[in-house]
Amino acid sequence: MDKRKPPATEEGWYALHDCRSIDWDAWRDAPQRVRDRALSEGIDFLEAYEAVEDADEGQTAVYTVMGHKADVMILHLRPTMGDLDAAERHFEQTEFAAFTEREYSYLSVTEASGYTEKSREYFEGEVDDDSGLAQYIQARLHPDLPDDEFVCFYPMSKRRQPEQNWYDTSFEERAAHIKRHGDIGRGYGGDVNQMIAGSIGFDDWEWGITLWSDEMRNIKELLTEMRFDPSSSKYAEFGPFYVGRKFDPADLPAVLAGQRVPTDSRPAAAEPDAGAATASAAEHDGGQGAHGHAGGDAEGHGSAHPGSAGQGDHPHAEDAAEDADHPSGSGGSSGGRPDVSADFEEVDDAVQRVGRLGMTEGEDYDAGDYALVFQTSADAEDVVDDVSDLAESFDHYDRHVTTTVRADGGQTHLVSLWTAKDAAETAAGFLSDIDGVEEQVGGPLGASDDDGEEGDHRAAESSQSIRDQLEAEGVYAGKPHGEDVYALVVYSEADAETLDGEVADLRSAFERYDTHVRTTVYGGDVSAVASLWETEDAAETASGYLTDLPGVVGRAGEGDGFGTMGMFYTVKPEHREDFVEKFATVGDLLEEMDGHRETSLLANTDDENDMFIASQWDSKDDAMAFFRSDAFSDTVSWGRDVLADRPRHVFLA
C-alpha cells in the first residue's frame, strides 16, 4: 500500500486542560484562616493568569465541572510549552492547590489543517497575511476564549481498525469527510464556539475538542448530528466528556460554598468581628460554620478579615444596602470574599423573649449584652450537637456570653448572647445555617450600668488578656507610645527572603482594609514581621494569619522576661552607616547592664533605611533602668540629627 499523504498543519498556542477535584473532607477540617488564605491565593492565581501576567500572550479561563469526574477545570492557552509547565508548577505552590487532586489533564496545541483547497493555498504561501482567510486561520490558532456559560471538553481519535482505518483512506476521501463535517459545524455558527487542538505525540488521544455555548442543548444537538455523519460514525473514537460552567475567579469562595456561580450579586452585610468568626466562613466552607468551624482553628485564633465592621471601622459598614447590588468582584468591601453576617429583625423585647426561655439578667447575662433568638422547625435534639459545636468555637472569644438551645411551647429556639451587637451579627451568619431556621430576631438586653471608668477598666483587662493569649502563640502586641496604631510583631526562624514571599500574599489581603497601616519584613541576626493596624481588634485578627508564617517562634528566653521593640527608626540615607555604628556602641554598653539578654538591629527588606530594634530583658525594671539612663538619653539626643522621624517603642510584658 502506498504511503498516504498527511495534511499540512499549522500550530498556534499550547493548551492545558487541568481538571481538579476538591478534597472536601480536608476543606471542612481545615482551620478557617487556612481556608481564607487558600481562597485568597487561589483567586490571586486565577486572576493573574486570566490577566496573562505570566506570559507575553495567551488566555486562561476557569470552570466548574459537573458530575463525578472533577470539580474545577482550569484552561490555559500559552505561546510555549514552558509557559504551561510554569503554570502547573505555580498553581501547585498555592495553598488552594493543597485542597485539590488532579483527576484529569490534557495537553494539546491549537491546530489548523490544509484539507480544503483554500487552506492549501494558505499553507503554500499563496495568501496574503492580511487576507480574510489568513486572519481566520490565525484566529483559530490564537483564539479568544468566549464568555459563554457552558463548556464541553472531550478528547478524540480517528479509528484505526482493519475495515475502518482513517489513515488508510486517501487524502481526497478524508478531505470530503472533513468538508461535510465542517458544513454541519457551520450550521451552528453563533450558537456554538469551538477550539480544535492537536495532540498526536502530546497525549493519549489525537485531538482535544472544546465547545462553548450559552445553551448546552446546542452542543448536544451539534454532536448528535455529527455522530450520524460517516466521519464520526465510521472513523471517530471519543474519550471522556467534561462539562462545566464558567465563573469569575472572584467567585471561587462561592464555588467552595456550593453556591450558584457566576453569582449575580453579593450581599454587602458588615464584615464580621474578630471575636466571632472569619469574614467569609459561611461562604468559604460550604455551610460548615454550623458544624464547629466557626471562628478559626482549634487553638482559637480569630480569623475575621482585619478591619471588619464588627470592629467598628469597616469602610462600607453604612453602605450595605447600596453595595448589595454590586456584582461579584466589582465593589463589595471584601474584594469578592463575602462575609458570614446574616439578616435578622431587630426587636425591642429581647429581654422578654429570652426571659420566656428561662434566661435572666445577672444569672445568664449582664445588662447591655445583645441577644439573638432564632426559631427552628427542627427538634431540639436534632440541632443540639451543631449548636454545641458552635458554642465551643464561640467560647474562644471574649465577647461571647453563651449559645444554647431552648424549647418553649413545642418550639425550638437557638439563643446566642454576646457583649456587643457587632459580634452577634457575625454569629448570626453561622446560626442561620442550622437546620430548619425560620424566624431570626435580635436585640439589646437593656442598658449597661457601667460608668465610663469601669468600662475602660474592663476593656483594659480584656486587652491584656488578648495580649497574653497572643504572646503564648509567639505574637507580640502593643500600642507604641503616643501612636494611634496597634503593632504586632512575629519572630521567625525563617530567613527574611522566605518571609518576603509569604508576607507579600498576606499584605495583599490586608491592604483591602482601611484599618491596615503596613506589614513589613525585617531581617538581621533574626527575622521579624511587624504589622501595624489602626484598631486593636483588627490587629488581633491579623495575628491569626501571622502565626501561620513559616518558622514562627518566641524569642529565646523571653518566657519569664520582658521585651521591647523599637520601631519607626527611619534613618536619613546619608547617616545609615553612622546609625549602625552607634547601635554597635550602644550594644557594647547594653552588654554591661544588669538584666540585659540580647538586642538585635533589623532592617526593612524593602527599605534599608527603615530600622527595627528588638531587646530582651530579665524584667521590666531592668529595661526601664536602661531607658532612664544617661546613655539612652544621649543616644536619643544624638538620633535627632540622623533620624528622619522620632522613634517609638512598644513595651511587652
In short, R4 meets S170 closest at the heavy-atom pair NH1-CA, 4.2 Å

A side-chain contact here means heavy atoms from C-beta on lying under 4.5 Å apart; do E53 and E47 qualify? no

The side-chain contact (heavy atoms from CB on, under 4.5 Å) partners of E111 (sequence neighbours excluded) come to T9, E11, W207

Within the structure provided, determine whether Q194 and L222 are in side-chain contact (heavy-atom separation under 4.5 Å). no

For P146 and N193 the tightest heavy-atom approach is CB-ND2, 3.9 Å

For this session: Report the C-alpha distance between V255 and Y63 in whole Å, list the side-chain angles of each, state the deciding distance to 0.1 Å, and finish with yes or no for side-chain contact (heavy atoms from CB on, under 4.5 Å).
Result: CA-CA 10 Å; V255 172; Y63 307 87; over 6 Å; no

Run E88 and R20 through salt bridge (charged side-chain N to carboxylate O under 4.0 Å, His left out) and show every step you take. CA-CA 12 Å; E88 284 191 90; R20 303 270 174 162; 5.6 Å; no

Q. Looking only at atom types and distance, does a side-chain atom of E206 sit under 3.5 Å from a main-chain N or O of K158, one as donor and one as acceptor?
A. yes

Note to self: Please check this pair: side chain of R160 against backbone of Y167, looking for a donor-acceptor N/O pair closer than 3.5 Å.
What the structure shows: no

Problem set entry | D56, CG: over 12 other non-hydrogen atoms inside 6.0 angstrom | no

Here the gap from L506 atom CG to E511 atom CD, rounded to the nearest 0.5 Å, amounts to 11.0 Å

Is there a salt bridge (charged side-chain N to carboxylate O under 4.0 Å, His left out) between R186 and D183 once you walk through the steps? CA-CA 5 Å; R186 282 186 286 276; D183 289 342; 2.5 Å; yes

task = State, yes or no, whether a side-chain contact exists between D18 and R102 at a heavy-atom distance under 4.5 Å.
result = yes

Contacts satisfying salt bridge (Lys or Arg N to Asp or Glu O under 4.0 Å) that involve residues 61-85 (not counting sequence neighbours) are D54-R78, D85-R89

The reported gap from CD in E497 to CG in L499 (rounded to nearest 0.5 angstrom) is 10.5 Å

Self-check item: Backbone N/O of I178 and side chain of S231: donor-acceptor pair under 3.5 Å
Solution: no

* Asked: Does one side chain, of D229 or S232, offer a donor that lies under 3.5 Å from an acceptor on the other?
  -> no

Near-ring test F45/F96, centroid separation under 6.0 angstrom
no

Backbone N/O of W205 and side chain of S199: donor-acceptor pair under 3.5 Å
yes

Q | Side chains of F91 and T100 in contact at under 4.5 Å (non-hydrogen atoms) | A | yes

Minimal heavy-atom distance between D204 and Y106, with the atoms involved, is N-CE1, 4.5 Å

- N/O donor-acceptor pair under 3.5 Å between S213 side chain and I219 backbone: no

Tightest non-hydrogen contact, residues G58 and V52, listed as O-CG2, 3.5 Å

Review point. Counting only N and O atoms by type, is there a donor-acceptor contact under 3.5 Å from the side chain of D251 to the main-chain atoms of A254?
Key: no

Note to self: I'd like to know whether V34 forms a side-chain contact (heavy atoms from CB on, under 4.5 Å) with E95, so could you lay out the CA-CA distance, the side-chain angles of the two residues, the decisive distance to 0.1 Å, and finally the verdict.
What the structure shows: CA-CA 8 Å; V34 174; E95 186 82 24; 3.4 Å; yes

| field | Any P230 side-chain heavy atom under 4.5 Å of R180 side chain | value | yes

Nearest heavy-atom approach of V109 to G12 is CG2-O, 3.7 Å

| field | side-chain contact (heavy atoms from CB on, under 4.5 Å) assessment of H142 paired with W13 | value | CA-CA 6 Å; H142 309 97; W13 283 338; 3.2 Å; yes

**Item:** Heavy-atom side-chain proximity of N218 to F150 below 4.5 angstrom
**Value:** no

Q164 versus E237: any side-chain heavy-atom pair under 4.5 Å?
no

*asked:* Any non-hydrogen side-chain atom of V62 less than 4.5 Å from a side-chain atom of V72?
replied: yes

The reported gap from CZ in R28 to CZ in F99 (rounded to nearest 0.5 angstrom) is 12.0 Å

Value for CE (M195) from OG1 (T110), rounded to nearest 0.5 Å, stands at 7.5 Å

Worksheet item: Are R227 and F238 in a cation-pi contact, defined as NZ or CZ under 6.0 Å from the six-membered ring centre and within 45° of the axis?
Response: yes

* **Test of ring centre spacing under 6.0 Å for H177 and Y235** => yes

Value for CG (L39) from CG (D44), rounded to nearest 0.5 Å, stands at 10.5 Å

Over 12 foreign heavy atoms within 6.0 Å of CD, E163:
no

Salt-bridge criterion met for K246 and D148 (N-O under 4.0 Å): no

To the nearest 0.5 Å, atom CD of E221 lies from atom CE of M226 at 13.0 Å

Here the pair of heavy atoms bringing A496 nearest to V521 is O-CG1, 3.9 Å

S492 side chain vs P550 backbone, donor-acceptor pair below 3.5 Å: yes

Test side chain to side chain contact (heavy atoms under 4.5 Å, CB included), reference L211, set V151, L223, I196, output is L223

**Request:** Taking D214 for its side chain and E149 for its backbone only, find out whether a donor-acceptor pair lies under 3.5 Å.
**Result:** yes

Notebook entry, point to check: If only atom types and distance count, is the side chain of T94 paired as donor or acceptor with the main-chain N or O of G42 below 3.5 Å?
Noted result: no

- Item | Stepwise side-chain contact (heavy atoms from CB on, under 4.5 Å) check, L546 with V529 | CA-CA 8 Å; L546 293 173; V529 179; 4.2 Å; yes

- Task: Report yes or no: does Q59 contribute a side-chain atom to a donor-acceptor pair with the main-chain N or O of L145 at less than 3.5 Å?
- Result: yes

